[in-house]
Each structure stands twice: as C-alpha cells, then as structure tokens.
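Report on one structure; see the data block that follows.
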There are 2 protein chains.
Amino acid sequence: MPKTALTPQNLDSVATRFRILGVPLRLQILNELANGERTVTALVEATGSTQPNVSKHLSTLLAHRLVKREKRGNSAYYSVSDPAVFKLCEIVCGNIERALEEERAAFSGG
Amino acid sequence: MPKTALTPQNLDSVATRFRILGVPLRLQILNELANGERTVTALVEATGSTQPNVSKHLSTLLAHRLVKREKRGNSAYYSVSDPAVFKLCEIVCGNIERALEEERAAFSGG
DNA sequence: CGCTTATATAATCATATAATCATATAGTCA
DNA sequence: TGACTATATGATTATATGATTATATAAGCG
C-alpha cells in the first residue's frame, strides 16, 4: 500500500488537522487520553481548565474524529480514536530537539 | 535511544510546531521544497501567492528552523531542514483517510 | 553611480478562534 | 417529581495571525 503524501488536493485537510493539534489544551487532553478513556470531569481536573472549555475542545476533537465518545450513565467517556497521533507528537518532538540542537550549535560554533 | 514523547513540559513547543504546519500556504511551500531548494520567486510562482506573503511565511518557517536559507548572488535559496516533516504529513494523511472511512462507514452502516 | 531585480519588513486590516460566562439539556437518585 | 450531577452549547469578548499594501534593503549590471 503506497503511503499517502501531501498533494495540492489534500493541503487544506492536512493543514486543518495540524491546526487542530496546534492548541496546547487539546494536546494536553490527548496526552491524558493516552492513558485510557476519561470522562469530561476527569479531563477538567487533569488539565486545570474549565468544564465548558474542555467540552468545547472535545467537540472539536470529536468532529474531526480524533477522539471517540461513549455515553455511559451520566458521564461521557472519551478516548483516542487513532493512536497514530502520538506517533506525530513523537516526530515533532524529534524535530524540535534537532532544531534546538542546531540552534545551540549555531550559537556556540559559529 | 528513547523516543521523546509528549510531556506537560513540551506541550507548548509541540503545539506551536503543529500550528506552524497548520497553514495551507506553508504546507504548499514545504511541498514545493520537497523537490529541492527553491528561490522565493520560484515559490511565489509555484504557490500563486504574493512575494511579501511568501517571504513572511518563509521567515516563520526559518525562525522555527523548518527550512534553511542560503543567499547566493541576488537570490535567497530555501530548502527543507528536517525531512521528517514529510513523515508527519504522511501520517496525517493516513489519519484523515481512516477518519473519512469511519465517517463513511458510520453513514452507510450505522 | 543610477537602474533593475530579488527579497524583506513594517503597518494595516480582516478574520478565525480560544476563553469565558451564562444557560440548557440530560441522566441519576431520593 | 424535584434536587443534584455531568455535559453541552450559545453569546460575547479578546487575541492571534494571515493577507495586503507600501516601502525598504541589497545585490547585480550598464
């Protein structure tokens, strides 16, 4: 199966998805969900944000199918729908590390 | 070597980097640079945007070390500094494909 | 030195969106 | 049913930032 790459056609969708991930609180939510499903309340506590704000970001994540939602009893349980997002974060972290190293080298070395 | 993952400490940097990638024109520029170094003028033509706009986005990309810049003669040659970004785009494309497939399945099947 | 070309940058404007606040909906349990 | 808990959502505000315009800087070339 060929890997799907960036094309003029999918530029917007790809950019949109990156933008979804470009909000610290949303990453924080995803990072928390990495440990398993969580209720909104649990995420509010974990992130230190407000309930409406967390709910809103969950809606966004849900709309783009980055998370799944399951209602049980009184609570809504959210979980990551595609674990590949964490691979993304790993790569970005690697990117940043290399960029910082370059910067350091440029500062020290010339 | 352990992969660097998302942590409470690096959340902001990671989010910032995602946001940098969340702009279609910037992705378009990177996509063009995937074929090798390009001058600003070449990127202006390839993207159909204006010169100041392309220059500004290149500045942003440069500031975050997503691209390198080399001045030769009258022109500035830009190139991708860390090819791992394309891996990111591939993964995101895969994400989107799966999300769309889910959506389709949800529509048809349940 | 002007003239042209290539690139960068400052100022402004327009827009998207994150946070907040208030409120609505929905489920549980007495 | 009424009270409580959990979650969602609409309206508003504040802010960040992308696009545009005009202009500045810099390099080549006659």
Side-chain angles (χ1 to χ4, degrees), chain A residues 8 11-33 36-81, chain B residues 8 11-33 36-81:
Chain A
L11 270 174
D12 278 3
S13 337
V14 175
T16 298
R17 177 138 306 213
F18 276 130
R19 247 177 299 134
I20 300 288
L21 295 171
V23 177
L25 181 56
R26 286 205 277 261
L27 286 185
Q28 208 179 343
I29 288 172
L30 289 172
N31 194 40
E32 189 61 24
L33 294 181
E37 66 171 16
R38 293 284 187 273
T39 65
V40 176
T41 303
L43 291 170
V44 168
E45 281 164 14
T47 60
S49 182
T50 64
Q51 178 272 314
N53 204 25
V54 170
S55 270
K56 194 165 59 66
H57 285 296
L58 285 169
S59 297
T60 302
L61 291 169
L62 186 62
H64 292 267
R65 300 200 172 252
L66 281 140
V67 299
K68 282 182 297 194
R69 188 185 110 112
E70 198 190 329
K71 185 126 193 219
R72 290 205 301 274
N74 211 359
S75 304
Y77 291 80
Y78 285 88
S79 56
V80 172
S81 66
Chain B
L11 269 174
D12 278 3
S13 337
V14 175
T16 298
R17 178 140 301 213
F18 276 130
R19 248 178 298 133
I20 300 287
L21 294 171
V23 177
L25 182 54
R26 287 204 276 261
L27 286 185
Q28 210 179 342
I29 288 172
L30 289 172
N31 195 39
E32 189 61 25
L33 293 180
E37 65 171 17
R38 293 284 187 274
T39 65
V40 177
T41 303
L43 292 170
V44 168
E45 283 164 13
T47 60
S49 181
T50 64
Q51 179 271 316
N53 205 25
V54 170
S55 270
K56 192 164 63 64
H57 285 296
L58 284 169
S59 296
T60 302
L61 291 168
L62 185 62
H64 291 268
R65 299 202 173 252
L66 281 141
V67 299
K68 282 182 296 195
R69 189 184 109 112
E70 197 190 329
K71 185 124 194 222
R72 290 204 300 275
N74 211 0
S75 303
Y77 291 80
Y78 285 88
S79 56
V80 172
S81 66

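Residue numbering restarts at 1 for every chain, and letters A, B, ... go by the order of the sequence lines.
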With respect to the phosphate group of [N], does any side-chain polar atom (N or O) of [X] fall under 4.0 Å of OP1 or OP2?
{"X": "B:Thr41", "N": "C:dT7", "result": "yes"}
{"X": "A:His57", "N": "C:dT17", "result": "no"}
{"X": "A:Thr39", "N": "D:dA6", "result": "no"}
{"X": "A:Arg69", "N": "D:dT7", "result": "no"}

Write down the distance between [atom1] ([X]) and [atom2] ([N]), rounded to a whole number of angstrom.
{"X": "A:Arg19", "N": "C:dA18", "atom1": "CZ", "atom2": "P", "answer": "10 Å"}
{"X": "B:Leu62", "N": "C:dT9", "atom1": "CG", "atom2": "P", "answer": "10 Å"}
{"X": "B:Leu58", "N": "C:dT9", "atom1": "CG", "atom2": "P", "answer": "11 Å"}
{"X": "B:Asn53", "N": "C:dA8", "atom1": "CG", "atom2": "P", "answer": "13 Å"}
{"X": "A:Gln28", "N": "C:dA19", "atom1": "CD", "atom2": "C1'", "answer": "14 Å"}
{"X": "A:Glu70", "N": "C:dA26", "atom1": "CD", "atom2": "P", "answer": "19 Å"}
{"X": "A:Arg38", "N": "D:dA6", "atom1": "CZ", "atom2": "P", "answer": "16 Å"}
{"X": "A:Leu61", "N": "D:dT7", "atom1": "CG", "atom2": "P", "answer": "16 Å"}

**Report entry** Paired nucleotide for C:dT9 [Watson-Crick or G-U wobble; both distances under 3.5 Å]
**Finding:** D:dA22
Mind checking [X] for me? I need base, sugar-phosphate or nothing, with any heavy atom below 4.0 Å counting as a touch.
{"X": "A:Val54", "result": "nothing"}
{"X": "A:Ser49", "result": "nothing"}
{"X": "B:Tyr78", "result": "sugar-phosphate"}
{"X": "B:Arg26", "result": "sugar-phosphate"}
{"X": "B:Ser55", "result": "base"}

Query raised in the report: Going by an N to O cut-off under 4.0 Å, is there a salt bridge joining B:Glu70 and B:Arg72?
Result: yes
Query - Between A:Gln51 and A:Ser55: side-chain donor-acceptor atoms closer than 3.5 Å - result: yes
Let's see if you can work this out: which of [options] has an atom nearest to the side-chain heavy atoms of [X]?
{"X": "B:Lys56", "options": "D:dT20, D:dT17, C:dA8", "answer": "D:dT20"}
{"X": "B:Lys71", "options": "D:dA26, C:dT20, D:dT7", "answer": "D:dA26"}
{"X": "B:Asn74", "options": "D:dA8, D:dA27, D:dT7", "answer": "D:dA27"}
{"X": "B:Pro52", "options": "D:dT21, C:dA18, D:dA19", "answer": "D:dT21"}
{"X": "B:Thr50", "options": "C:dA19, D:dA6, D:dT20", "answer": "D:dT20"}

Query raised in the report: Going through the distances and angles, do B:Arg38 and B:Ile29 end up as a side-chain contact (heavy atoms from CB on, under 4.5 Å)?
Result: CA-CA 9 Å; B:Arg38 293 284 187 274; B:Ile29 288 172; over 6 Å; no
Requested in this report: Using modelled atom types only, decide if a donor and an acceptor are shared between the side chain of B:Ser81 and the backbone of B:Leu66 within a distance under 3.5 Å.
Outcome: yes
Query raised in the report: Can you find an N or O donor on one side and an acceptor on the other, under 3.5 Å apart, linking the side chain of B:Gln51 with the base of C:dA8?
Result: yes
Requested in this report: Report yes if the side chains of B:Leu21 and A:Leu21 come closer than 4.5 Å at any heavy-atom pair, otherwise no.
Outcome: no
**Report entry** B:Arg26 side chain near B:Ile20 side chain, heavy-atom distance below 4.5 Å
**Finding:** yes
